[in-house]
Amino acid sequence: MNRQSIILILTAILLISCKSHQYTISSMSGTVVEMNSSFDANPNKKMQALVQKYKVELDNEISEVIGTSTQLLDYGRSESLLTNLTSDVMKAYGDEHLPNGVDVAIMNVNGHRANMPKGKITIGNLYEIYSFDNTITFLELKGTDLKKIFDAYAWLGGAGISSNVKLIIKDRKVQSVMVDKKPVDEKKIYKISTLDYLADGNNDMDALCNAIKRTDTGITLRDVMIDYVKEQTRQGNEITSKLDGRITIVE
């Protein structure tokens, strides 16, 4: 269990306790405590052996090499090699699983937690990059709300978007935006491939909450990316990406 999970659990316990006794939290503080052998000077040998057995199995699984990257893929704004790759894979997944495909894929920058290294790619690398259990969600969104999403992108300075979008930002505002070389049609219903986290309105994606239809696949982005890398390897391809001007910030 990581530090963040422990903090969330303790917070939940405090909130429940406060609710039942009508208390309020006046302040909270915490420190990092290293969990080492000092907490268990005499470990249970049977339990220690059991844990070690599964640790070996897990280490073997996450160290499995499933592909090769031609370059270091980083993440950031306005566009980046890794956000571009992830967004394009998300759109391809939507195109494969929905009749007539999807129009746009939307991905947050900090949905990535590590860069993809140049060279060998392991299962562990994908767990580091996509460390959250965010799942793919399909939305049907009015053109008016899609425009609001692009306004949010302009304010944020960019995020992950599929390559069929060309967004130009100036002074943190949309100067122009095209989807499949066409302006956004306010009367059209657009199909979106995104994450459940964003579909809930997080990361300034409030307009996604206005979707007229939502389909949660239950499939994690991590699993989609693992399958993508494996399939590319099966086809004899290396993993690569490029900066293609899908998001441009002008001075």
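Residue numbers start at 1 and run along the sequence shown. Just so we're clear, the structure is a prediction, and the values are computed from it rather than from any experiment.
Between Ala199 and Thr194 the shortest heavy-atom distance is CB-CG2, 4.4 Å. Of all heavy-atom pairs spanning Ile249 and Ser78, the tightest one is CD1-CB, 3.7 Å. Across Met178 and Pro183, no two heavy atoms sit closer than the pair SD-N, 3.7 Å. In plain terms, the two heavy atoms of Lys166 and Gly245 that are nearest each other are CD-O, 3.7 Å. When all heavy atoms of Thr68 and Ile121 are compared, the pair lying nearest together is C-CD1, 3.8 Å. Across Leu198 and Ile106, no two heavy atoms sit closer than the pair CD1-O, 3.8 Å.
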Take Asp244 and Arg246 through the salt bridge (Lys or Arg N to Asp or Glu O under 4.0 Å) test and state the conclusion after the steps.
CA-CA 6 Å; Asp244 52 19; Arg246 63 188 70 182; 2.7 Å; yes
Worked verdict on Lys147 versus Asp151 for salt bridge (Lys or Arg N to Asp or Glu O under 4.0 Å)
CA-CA 6 Å; Lys147 278 190 169 183; Asp151 288 337; over 6 Å; no
Apply side chain to side chain contact (heavy atoms under 4.5 Å, CB included) to residues Val184 and Tyr190 and explain how you reach the verdict.
CA-CA 9 Å; Val184 176; Tyr190 288 85; 3.9 Å; yes
What's the verdict on side chain to side chain contact (heavy atoms under 4.5 Å, CB included) for Val102 and Met90, showing C-alpha distance, side-chain angles and the deciding distance?
CA-CA 10 Å; Val102 297; Met90 288 172 63; over 6 Å; no
Could you walk me through whether Leu73 and Asn115 pass the side chain to side chain contact (heavy atoms under 4.5 Å, CB included) check?
CA-CA 6 Å; Leu73 305 185; Asn115 296 327; over 6 Å; no
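Residues Ile149 and Ile192 have side chains not in contact (no heavy-atom distance under 4.5 Å, counting atoms from C-beta outward). For the pair Gln71 and Thr240, the minimum side-chain heavy-atom distance is below 4.5 Å. When side chains are defined from C-beta on, Thr217 does not count as touching His97, because their heavy atoms never get closer than 4.5 Å. The side-chain heavy atoms of Tyr130 and Ile226, taken from C-beta on, include no pair separated by under 4.5 Å. Annotation: side chain of Asp227 is not in contact with side chain of Tyr93 (no heavy-atom distance under 4.5 Å). For the pair Ser193 and Ile136, the minimum side-chain heavy-atom distance is below 4.5 Å. Side-chain contact between Met225 and Val229 is absent, with no heavy atoms from C-beta onward closer than 4.5 Å. Residues Ile189 and Lys142 have side chains in contact (heavy-atom distance under 4.5 Å, counting atoms from C-beta outward).
Each of Met205 and Trp155 belongs to its own hydrophobic cluster when Ile, Leu, Val, Met, Phe, Trp and Tyr are linked at side-chain heavy-atom distances under 4.5 angstrom. Both Leu221 and Ile123 are part of a single hydrophobic cluster, where members link through side-chain heavy atoms under 4.5 Å apart. The hydrophobic clustering, which links ILVMFWY residues whose side-chain heavy atoms are closer than 4.5 Å, places Leu167 and Leu156 together. Placement of Ile168 and Val174 in two distinct hydrophobic clusters is found when ILVMFWY residues are connected by side-chain heavy-atom separations under 4.5 Å, directly or transitively. The cluster map of Ile, Leu, Val, Met, Phe, Trp and Tyr, joined by side-chain heavy atoms under 4.5 Å apart, puts Leu243 and Leu82 in the same cluster.
Separation of atoms OG (Ser176) and CD1 (Ile169) is listed at 10.0 Å; rounding is to 0.5 Å. Here the CG-OH distance, from Leu208 to Tyr197, works out to 12.0 Å after rounding to the nearest 0.5 Å. Here Ile219 contributes atom CD1 and Asn134 contributes atom CG; the two are 13.5 Å apart, rounded to the nearest 0.5 Å. Ile161 CD1 to Lys91 NZ: the interatomic distance, rounded to the nearest 0.5 Å, is 11.0 Å. The CZ atom of Phe132 lies 8.0 Å from the CG atom of Asn110; values are rounded to the nearest 0.5 Å. Separation of atoms CG (Asn237) and OG1 (Thr70) is listed at 11.0 Å; rounding is to 0.5 Å.
Checking side-chain atoms of Ser162 against main-chain N and O of Ala105 turns up a donor-acceptor pair under 3.5 Å. A donor-acceptor pair is defined here as one N or O able to donate and one able to accept, closer than 3.5 Å; such a pair exists between the side chain of Asn84 and the backbone of Lys242. In this structure a side-chain-to-backbone donor-acceptor pair under 3.5 Å is present from Lys191 to Pro99. When atom types are taken as modelled, the side chain of Thr83 and the backbone of Glu79 share no donor-acceptor pair closer than 3.5 angstrom. Side chain of Thr233 to backbone of Ile66: a donor-acceptor contact under 3.5 angstrom is found. Side chain of Arg222 to main chain of Tyr127: no donor-acceptor pair is present (N/O by atom type, distance under 3.5 Å, no hydrogens or angles). Without hydrogens or angle criteria, Thr122 side chain to Ser63 main chain gives no donor-acceptor distance under 3.5 Å.
For Tyr153, the ring pair (Phe, Tyr, Trp, His ring centres under 6.0 Å) criterion is met by no residue, not counting sequence neighbours.
A donor-acceptor pair shorter than 3.5 Å can be found between the side chains of Asp180 and Asn164. Side-chain atoms of Asp196 and Thr135 form a donor-acceptor pair, as typed in the model, at a separation below 3.5 Å. With hydrogens and angles left out, the side-chain atoms of His112 and Thr86 include a donor and acceptor closer than 3.5 Å.
The list of salt bridge (charged side-chain N to carboxylate O under 4.0 Å, His left out) pairs with a residue in residues 201-219, not counting sequence neighbours, reads Asp200-Arg214, Arg214-Asp216.
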